[in-house]
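Heads up, the thing below is written out as structure tokens.
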Amino acid sequence: MRKLARPGGLSRRRLLGAAAALAPVTAASPLPLSGTAAAAAPDPYAGLAQEAVTAFRSAWDAYRRLAWGRDELRPISGTGSDFFIPGSTLGLTIIEALDTLYLMELDDDLAAGAEWVKNDLVLDQNAPVQVFETIIRLVGGLLSGHLATRDPVLLDRARELADRLLPAFTRSPTGAPYRYVNLSTGAVSGKENNLAEIGTCITEFGELSRLTGDRRYYDAAKKALRAVYDRRSRIDLVGTALNVETGAWTGTTATLDPPVDSFFEYLWDGWELYRDPDLRTWYTTLTAAVFRHLAERRDGRLWFRQADMTTGRTTGRFQSELTAFYAGLLAQSGRIADGEAYHDSWAAVLAAHRLPPEMIDYTTLRAVDPSYPLRPEYVDSCLFLWLITKKDRYRARARDMFLRQKKYCKVRNGYTAISDVTTRPMKQSDLTPAYWFSENAKYYYLLFAKARRFDYASNYLTTEGNVLRGLR
Ligand code: IFL
């Protein structure tokens with residue numbers, strides 16, 4: 001996931017100063033160790049930068065060999081799989097990997113990926129696709145691919161895809177999008193939609209509006225966010241799901257966990273990117289209520305409970321691994337101490353488990369869902385906390401996570417998800433989720449490498465890790 005490395009609480013100047021201390025070093029140009037540089041302390045992460053590239057390459061080469069053009073790689077069976085449409089591909093892994101390839105300076109692979117998008121990507125598919133996933137993964141990936149390569153065809157494809165998705169927004173009486181749209185006919189379906197899927201589109205659609213000069217995308221995304229905000233409860237909490245035709249709540253639990261998570265993220269990100277004061281007000285109002293009604297300390301650790309959106313009554317004390325992204329978001333929106341405290345809570349989970357379970361009971365840290373689908377959120381927050389605080393602790397935590405991932409998830413053809421982190425040996429499943437190429441691999445590289453194609457002082461990464469600002 002995410003964000004502009006320019007937190008509300010810190011001045012831009014301070015970040016620029018900090019960033020200037022970073023000498024650009026990549027796998028392609030290792031840390032110079034002679035002359036003046038030899039006097040400086042060696043960068044303890046330089047070797048890991050190379051390892052991060054090697055890890056990416058092992059999965060990417062396997063994908064090219066075994067599943068090229070398919071949505072995702074199954075690294076154990078050595079096959080590919082479809083993500084959006086059974087029996088059809090939208091080249092998800094290629095599109096997710098484009099800007100990571102650029103940052104890692106793997107330019108021949110980047111060219112091959114861009115060629116696939118230009119020649120082989122078929123968008124006219126007579127099948128329903130999930131609107132949210134298509135926006136954050138494909139529209140976002142095509143946009144960051146365009147920004148990396150400057151190839152206008154990638155922007156055209158992003159726009160064509162967004163146009164095929166727009167009926168989900170424009171045909172909805174409330175402006176909150178339907179969950180699915182048929183890419184060929186524009187037929188919409190799925191009138192019950194959740195907050196993450198309704199509200200995670202303003203940065204991709206906003207970027208499309210900025211690049212094309214066509215406001216329709218930004219306006220549709222903002223209207224969707226407003227549809228939720230206007231239906232908040234009297235205590236400023238929102239639930240989990242709406243009927244997009246009637247506007248009635250169909251899920252009334254207030255939570256930061258999925259299926260809400262990135263709804264909050266995009267309120268802040270939309271403000272950061274486009275300076276729309278409504279979005280800042282909406283974020284601030286809803287976040288104040290989150291802290292009033294959901295935040296609590298358990299054994300000194302910060303967690304966010306589930307509650308009834310109308311009364312604030314507690315309904316659960318679980319936390320999803322996906323919510324670990326919130327540590328970075330809090331810091332970015334100026335609540336740095338809260339962000340650090342929440343990351344500490346997740347570090348405690350890592351002290352209790354070999355890999356973070358998908359869902360825990362935070363009163364005991366027990367795994368409620370023991371799977372680990374190679375989630376990136378903990379390391380995502382490491383990156384943003386490191387950029388904001390400059391504390392080595394966050395790079396060290398990322399290194400620890402990288403080594404664990406290598407130990408438990410590395411297979412002959414790259415990296416695989418785990419179906420149960422509590423068994424010995426761990427039960428492996430057979431999938432490299434496409435977000436691994438866009439998120440995990442990129443976050444490790446940016447944390448360890450001091451990439452010369454990345455602006456550490458001013459950048460924006462989407463919820464899917466697509467870089468919309470800060471590519472050099
Ligand atoms: O698609 C990914 C993205 O980070 C997101 N939600 C879940 C995925 C990764 O865990 O917003």
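Atoms within each ligand, like the ligands themselves, are counted from 1 in listed order.
- Shown in contact with E439 at under 4.0 Å from a heavy atom are these atoms of ligand 1, numbered in order with element: 2 (C), 3 (C), 4 (O), 9 (C).
- Of all the heavy atoms in R137 and I95, the pair that sits closest is O-CG2, 3.9 Å.
- When atom types are taken as modelled, the side chain of D430 and the backbone of S77 share a donor-acceptor pair closer than 3.5 angstrom.
- Ligand 1 places these atoms under 4.0 Å from at least one heavy atom of P376: 9 (C), 10 (O).
- For a threshold of 3.5 Å applied to N or O pairs, the pair formed by T463 and ligand 1 contains at least one separation below that value.
- A side-chain N or O of T363 and one of D361 form a donor-acceptor pair less than 3.5 Å apart.
- Ligand 1 has at least one atom lying under 4.0 Å from a heavy atom of E377.
- Of all atoms in ligand 1, listed by their number and element, those nearer than 4.0 Å to a heavy atom of L322 are 6 (N), 7 (C), 10 (O).
- Residue E321 places every heavy atom at 4.0 Å or more from ligand 1.
- Not a single side chain to side chain donor-acceptor pair (under 3.5 Å) links R280 to another residue, sequence neighbours left out.
- Taking distance alone, with nitrogen or oxygen atoms compared against 3.5 Å, Y435 stays at or beyond that limit from ligand 1.
- The atoms of ligand 1 that sit less than 4.0 Å from any heavy atom of R375 are 7 (C), 8 (C), 9 (C), 10 (O).
- Judged by distance alone, the side chain of H293 and the main-chain N or O of D236 form no donor-acceptor pair under 3.5 Å.
- When only modelled atom types and interatomic distance are considered, D276 and W271 share no side-chain donor-acceptor pair under 3.5 Å.
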